[in-house]
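The figures here come from the full heavy-atom set of this structure, side chains too, leaving out hydrogens, waters and symmetry mates. In the text below, chain A, chain B and the rest are named by the order of the sequence lines, each starting its count at 1.
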Number of protein chains: 4
Amino acid sequence: MVSAFRMTTKTAKPAAAETEALSRSALRRQREREQRYQSILAAAEDLFASTGYHQTSMEQIADAAEVSTGAVYFYFKNKEDLLLSLLDEIGYVLRHLLADEFNRAGASLDRFRGAGLAFFERFCRPYPEKAAIVFRESVGQSPAVELRRKHLFDKLNGDLQAALMRLGHDMGRPVDQNAAEVMAVCIMGIYERVAYHYMIWQDRRADLDAIGRDAVGFILGGVCQTTGKAPCT
Amino acid sequence: MVSAFRMTTKTAKPAAAETEALSRSALRRQREREQRYQSILAAAEDLFASTGYHQTSMEQIADAAEVSTGAVYFYFKNKEDLLLSLLDEIGYVLRHLLADEFNRAGASLDRFRGAGLAFFERFCRPYPEKAAIVFRESVGQSPAVELRRKHLFDKLNGDLQAALMRLGHDMGRPVDQNAAEVMAVCIMGIYERVAYHYMIWQDRRADLDAIGRDAVGFILGGVCQTTGKAPCT
Amino acid sequence: MVSAFRMTTKTAKPAAAETEALSRSALRRQREREQRYQSILAAAEDLFASTGYHQTSMEQIADAAEVSTGAVYFYFKNKEDLLLSLLDEIGYVLRHLLADEFNRAGASLDRFRGAGLAFFERFCRPYPEKAAIVFRESVGQSPAVELRRKHLFDKLNGDLQAALMRLGHDMGRPVDQNAAEVMAVCIMGIYERVAYHYMIWQDRRADLDAIGRDAVGFILGGVCQTTGKAPCT
Amino acid sequence: MVSAFRMTTKTAKPAAAETEALSRSALRRQREREQRYQSILAAAEDLFASTGYHQTSMEQIADAAEVSTGAVYFYFKNKEDLLLSLLDEIGYVLRHLLADEFNRAGASLDRFRGAGLAFFERFCRPYPEKAAIVFRESVGQSPAVELRRKHLFDKLNGDLQAALMRLGHDMGRPVDQNAAEVMAVCIMGIYERVAYHYMIWQDRRADLDAIGRDAVGFILGGVCQTTGKAPCT
DNA sequence: GATGAATGAGCGTTCATTCAT
DNA sequence: TATGAATGAACGCTCATTCAT
């Protein structure tokens, strides 16, 4: 689980009686801890998405999560760490979503279509707050956040790039590594801006099917351009 | 001139004999004023791009522009106004750059190529700070800034959309308005993310030619997809 | 207690076994909180009275109360709130002081005498800072402060007016309501200006007995004028 | 004229050709200067009374007077000086108004009545801004302003005190000087608070006649108390 | 004399973070 | 562990005043 409570290094206590099975009360505490961690993260996600990262104070997050400010600092190093954790969680969700599509059986081009549609239908539509956080709230906030964002995009780009190269290979028209990278970046750009435009700036959740299809069509056109599949329909 | 000093509303008494030509000293004052306005804006651009909007204090901007904090507030309503003005200026530059390409003579597809290359070569490369501001620093800062950003993108999208519909018409394959809008958004997304990836996150100014060509290739692929020109080379 | 720490709205979860008696440490914290609140208020009172409301900075108040600026803002919404709270406290003290006199047994006219003397002897003399704040520092500072001041005077006037009407009734010469109000306002005016003149502008604390007696004499003359008690001695 | 432009000490120029008659242009300049001085003062009076001394900026005053900020500083040393000048002017008006009443022929008690009525009818009613400035805006603003306010009240008190002593003498019941002073202060207090209550806090201009009569009645009662005139009607 | 752009000290306020209990 | 009061550095902004033109 990506959001599992990160074990603090100083886990002193358990050392003594940490028999193979944790005591019942220890288990309960563990569970409560995890719940608190999640509720704080959820509160932060909602507030950052709705009010903005800078406009949200730690106290508001604590209030929304029904804990004290001190508790927030027990679970997270600082405000930035909250955003980083959010980014990690969202990255995890998003990567797996896309990976699932690319690991499906079927014609390789269909996988690109599937991934695109999944991005719009199964990420943006159900989780608009997560989209707002990766694409809006985490932009340009601090070097550390920017770095984490970069890492996230690098991974997504890498996945896409790999899929493109596999596709080129399958089509008998090997794609240059650099070109594949640029294409991956282009695809991510389309995902991002289409989501931003139609989900963050406008609320076109209702039309997302059609929009997604058009965007995916554009992507496929770009992809075929290089991999040569002539009338990419 | 986009950056002409915004005339204050109370443009003074029309005076008696303020003939067509302003007095020499009045002209000089006017010029100096404009210079100050520009130097403050330039200082803000540099600092926002290098240090980040929130990490830059008004005092730093004043110092960099070699004026007092009060002077900054004389020329700009507040910090946000500085960012909005920057956005306006950048939007002006960018739109004209792209419009110039679309108004050129020649095959319509070539214009898309030209616009894409111009974006990378003639906007991102010479003005990396401006790119950092539109694509990074102005993201998610405040409702007003977000709105201005949206307006800017709406205009750019509109230009692109119009060009796409003209192209479809020329090709004898009229493009649906909504589809054209989505395509325009896709193209802007590619511009943005490629610039972000290769200019803001990495410093690949040297490779920008090749990268730009690949990205433009992708765009043309997406465009042809719909407008039907078969082997878009 | 007027100065009891204003209960914050979010009075926490009622907790499980928070029996009728608060834990000892909770009680202590409560007490310390109240002390801090009072010490900040006292610091503000002193500084406002000696230096002036506008001339006193929040930092000075914090320093004088030996707390941080942040602490001041924890206990009071802002600087204005400090003045409003002071006004409330002073109003409470003053009203009760006068009410006590009017509720005494004895000839009704004597009560007016008693109230007047109490105002000078038991309010102005021991609390010159409080007098300075109601009569000087809170004048014309902001709409909210002015309103609170008005409310305070309205209450004092109301008390006086009621006493006057009772007196008229007792004397068999009912007083018109409007006339009673004007008389109440006149009495407050005398209180205020005599205090201002002899306590704020001059330091005639030593002569306050005689001055008070003369002023009270004047008031009684005015009162008898209407209620008819002939040679009001 | 109290508001005549204070001659600056450095009136260098005239020294040479200041023949008994000023040249026509010199006269015109003199007149314009006086007009500007007055218009600035009037603008300040309006703004201070309506918006508050601290809430009014020098720029607002300059704008309202249709001059530059610099001009305001040519005619007045600083913002405080503006308030001091206003206080002087108002003091002049008020003192003469009351003096006129006291210098009238007739029974001496009637003069007190006349003065009181004049205060309400011929000062407060036509010049509510002036009342707002003496009684509200100039209170507790700075040591210098407070001092000037004190001087003004001292003079008014002195006039009243003198009148009281004359009255006592006329009545054959000489009044003690100190007692007369306290009575004067009481009368001023009534003037002030009744004006504040019914003109500044409420707008009872319409009922001012009745209110004034009641207040004057109260004053006469207080006065007779000491000077012995039995049934002061 | 008049202008108004420029100055810059100063202030109120915020809020991420800490730490005694 | 959890709490929440306390901290204090930092910042945006105002505005009385000055002075070159």
Worksheet item: Is it the case that C:His54 and D:Gln141 place a side-chain donor and acceptor less than 3.5 Å from each other?
Response: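 No pair is found: no donor N or O on one side chain lies under 3.5 Å from an acceptor on the other.
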Fill in: Check: D:Gln30/D:Glu34 side-chain N/O donor and acceptor closer than 3.5 Å
no
Over how many whole Å does the gap from [X] atom [atom1] to [N] atom [atom2] extend?
| X | N | atom1 | atom2 | answer |
| --- | --- | --- | --- | --- |
| C:Phe76 | F:dA5 | CZ | C1' | 15 Å |
| A:Gln60 | F:dG4 | CD | P | 17 Å |
| D:Leu82 | F:dC15 | CG | C1' | 15 Å |
| B:Gln30 | F:dT21 | CD | P | 17 Å |
| B:Arg31 | E:dA5 | CZ | P | 17 Å |
| D:Leu83 | F:dA16 | CG | C1' | 15 Å |
| C:Glu59 | F:dA10 | CD | C1' | 12 Å |
| A:Arg28 | F:dT1 | CZ | P | 12 Å |

Item to complete: With DNA chain F as reference, determine whether D:Asn78 or B:Tyr53 sits nearer its 5' end, using the nearest nucleotide of each.
Response: B:Tyr53
Response to the item:
Between C:Val72 and B:Thr56, whichever has its closest DNA chain F nucleotide further toward 5' is C:Val72
Closest to side chain of [X], choosing from [options]:
| X | options | answer |
| --- | --- | --- |
| A:Ser57 | E:dC15, E:dT13, E:dT7 | E:dC15 |
| C:Arg33 | E:dA6, F:dA5, E:dA2 | F:dA5 |
| A:Met58 | E:dA16, E:dT13, F:dT7 | E:dA16 |
| D:Lys79 | F:dT1, F:dA16, F:dG12 | F:dA16 |
| C:Thr69 | E:dT14, E:dG1, E:dG12 | E:dT14 |
| C:Arg36 | F:dT7, F:dT17, F:dA2 | F:dT7 |

Item to complete: With the side chain counted from C-beta on, respond yes when C:Phe76 and C:Leu84 share a heavy-atom pair under 4.5 Å apart, and no when they do not.
Response: no
Worksheet item: Does A:Tyr73 place a side-chain N or O at less than 4.0 Å from the phosphate oxygens OP1/OP2 of E:dC19?
Response: no
Worksheet item: Can you tell me if the side-chain N/O atoms of D:Ser68 get under 4.0 Å from OP1 or OP2 in E:dT3?
Response: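 Yes, because at least one side-chain N or O of D:Ser68 sits under 4.0 Å from OP1 or OP2 of E:dT3.
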Worksheet item: Do the rings of D:Tyr53 and D:Phe48 sit parallel, tilted or perpendicular, given the 30° and 60° boundaries?
Response: perpendicular
Discussion item. If you assign each of C:His54 and D:Arg29 to its closest nucleotide in DNA chain E, which residue comes earlier from the 5' end?
Written reply: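 First, find each residue's nearest nucleotide; the 5'-ward one identifies D:Arg29.
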Fill in: Pairing of D:Glu32 and D:Arg28 as salt bridge, 4.0 angstrom limit
yes
Worksheet entry | Counterpart base for E:dA20, defined by Watson-Crick or G-U wobble contacts under 3.5 Å |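 With both distances under 3.5 Å, E:dA20 matches F:dT3.
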